[in-house]
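Read the structure below first, then the notes.
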Amino acid sequence: MTMTPKLRQTHRAMWGLLAILLPIGFISTLSLDRDPPIQQQTIALPLPDALPIVVRTVEKPGIQATLRRSNQSADPQLELVVRQPYEAPSVVVNVVTPTRQLAIGSVDVAGIYRFALPDSTLHPTISLVDDLKHSVLQTIQF
């Protein structure tokens with residue numbers, strides 16, 4: 001298809017109109033009062049205090065797990081010190097019993113995590129599971 005004189009004239013008029021309107025549009029956007037971008041802050045829940053009595057500590061590559069308890073309460077506490085963050089974006093901490101697995105929390109970056117254990121057993125098995133791929137990353141036996 002070739003350009004007819006009428007089509008050529010319309011084409012030239014449209015490009016002339018765009019040559020005027022586009023710079024005006026760009027300059028007018030500079031004068032708009034823009035709000036600064038919103039910076040998201042992560043909400044960190046306060047870390048519970050560590051229970052005073054250390055029952056047992058287990059060292060694994062990149063992580064230290066400590067089982068703690070107090071004099072008054074029979075419920076133990078699990079303390080995880082993650083030294084090297086996991087490559088998985090979603091790591092769930094599970095307590096494994098002979099009958100079921102119970103999720104007690106999640107781990108995302110390097111740091112200290114404390115979780116209340118649901119029962120008074122002093123020899124739990126803890127598994128760290130990649131929640132997206134459903135694969136066990138580490139198992140800690142106390």
Side-chain angles (χ1 to χ4, degrees), residues 1-70 72-121 123-142:
M1 177 177 188
T2 61
M3 283 191 135
T4 62
K6 176 75 175 153
L7 185 59
R8 193 175 297 126
Q9 183 181 9
T10 306
H11 188 259
R12 187 177 299 123
M14 293 304 286
W15 274 110
L17 186 63
L18 283 174
I20 295 170
L21 292 179
L22 283 175
I24 291 172
F26 289 140
I27 291 170
S28 66
T29 59
L30 295 176
S31 66
L32 292 176
D33 185 29
R34 293 183 297 241
D35 293 332
I38 298 172
Q39 295 185 6
Q40 291 183 342
Q41 295 179 347
T42 57
I43 299 172
L45 297 175
L47 189 65
D49 292 333
L51 296 179
I53 301 171
V54 174
V55 177
R56 186 156 182 227
T57 299
V58 176
E59 289 282 337
K60 290 280 188 167
I63 192 167
Q64 173 187 342
T66 304
L67 191 60
R68 297 175 170 271
R69 67 177 179 88
S70 69
Q72 296 84 12
S73 175
D75 292 335
Q77 179 186 57
L78 174 66
E79 179 181 72
L80 297 176
V81 179
V82 180
R83 295 187 181 101
Q84 184 178 10
Y86 291 97
E87 292 181 9
S90 177
V91 179
V92 176
V93 181
N94 290 331
V95 177
V96 180
T97 63
T99 57
R100 63 184 173 127
Q101 276 193 344
L102 178 66
I104 58 171
S106 64
V107 173
D108 50 4
V109 295
I112 299 173
Y113 298 89
R114 292 190 188 107
F115 307 103
L117 293 176
D119 54 359
S120 61
T121 180
H123 302 288
T125 299
I126 306 298
S127 67
L128 302 171
V129 178
D130 180 353
D131 198 32
L132 299 177
K133 295 181 181 175
H134 302 291
S135 63
V136 176
L137 301 173
Q138 262 182 332
T139 301
I140 301 167
Q141 176 68 43
F142 284 98

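Computed from a predicted structure; not experimentally measured.
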Could you give me the CA-CA distance, side-chain angles and deciding distance for Val54 and Leu67, then say whether side-chain contact (heavy atoms from CB on, under 4.5 Å) is met?
CA-CA 6 Å; Val54 174; Leu67 191 60; over 6 Å; no
CZ-OG1 distance between Phe142 and Thr57, expressed to the nearest 0.5 angstrom
7.5 Å
Residues in side chain to side chain contact (heavy atoms under 4.5 Å, CB included) with Gln141, at least two apart?
Thr125
Is there a side-chain contact between Val55 and Pro76 (heavy atoms, below 4.5 Å)?
no
Would you call Val136 and Leu128 a side-chain contact if the rule is heavy atoms closer than 4.5 Å?
no
Heavy-atom closest pair, residues Arg83 and Glu59
NH1-OE1, 3.1 Å
Minimum heavy-atom distance between Tyr113 and Val107, given as atom pair plus value
CE1-CG1, 3.7 Å
Counting N and O atoms only, with roles assigned by atom type, does the side chain of Lys133 sit under 3.5 Å from a partner on the main chain of Ala88, one being a donor and the other an acceptor?
no
With no hydrogens and no angle check, just 3.5 Å: does a side-chain donor-acceptor pair link Gln77 and Arg69?
no
Closest heavy-atom pair, Arg114 versus Pro48, reported as atoms and distance to 0.1 Å, is NH1-O, 2.8 Å
Is any side-chain heavy atom of Val93 closer than 4.5 Å to a side-chain heavy atom of Leu80?
yes
Does the side chain of Leu132 come within less than 4.5 Å of His134's, by heavy atoms?
no
On a heavy-atom basis, the closest approach of Gln101 and Val96 is NE2-CG2, 3.7 Å
How many angstroms lie between atom CG of Leu51 and atom OG1 of Thr66, to the nearest 0.5 angstrom?
11.5 Å
Which heavy atom of Arg68 sits nearest to which heavy atom of Pro52, and what is that distance?
NH1-O, 4.4 Å
Tell me whether the rings of Trp15 and His11 are parallel (<30°), tilted (30 to 60°) or perpendicular (>60°).
perpendicular
Heavy-atom closest pair, residues Ser70 and Ile53:
C-CD1, 4.3 Å
Answer yes or no: is there a side-chain heavy-atom contact under 4.5 Å between Leu117 and Ile126?
yes
Between Gln138 (side chain only) and Pro61 (backbone N and O only), is there a donor and an acceptor less than 3.5 Å apart?
yes
Quick one: are Glu79 and Phe115 in side-chain contact, heavy atoms under 4.5 Å?
no
With a 4.5 Å cut-off on side-chain heavy atoms, are Asn94 and Val92 touching?
yes
Can you tell me how far apart CD1 (Ile140) and CZ (Arg56) are? Round to the nearest 0.5 Å.
11.0 Å
Do Val91 and Leu137 touch side chain to side chain, with heavy atoms closer than 4.5 Å?
yes
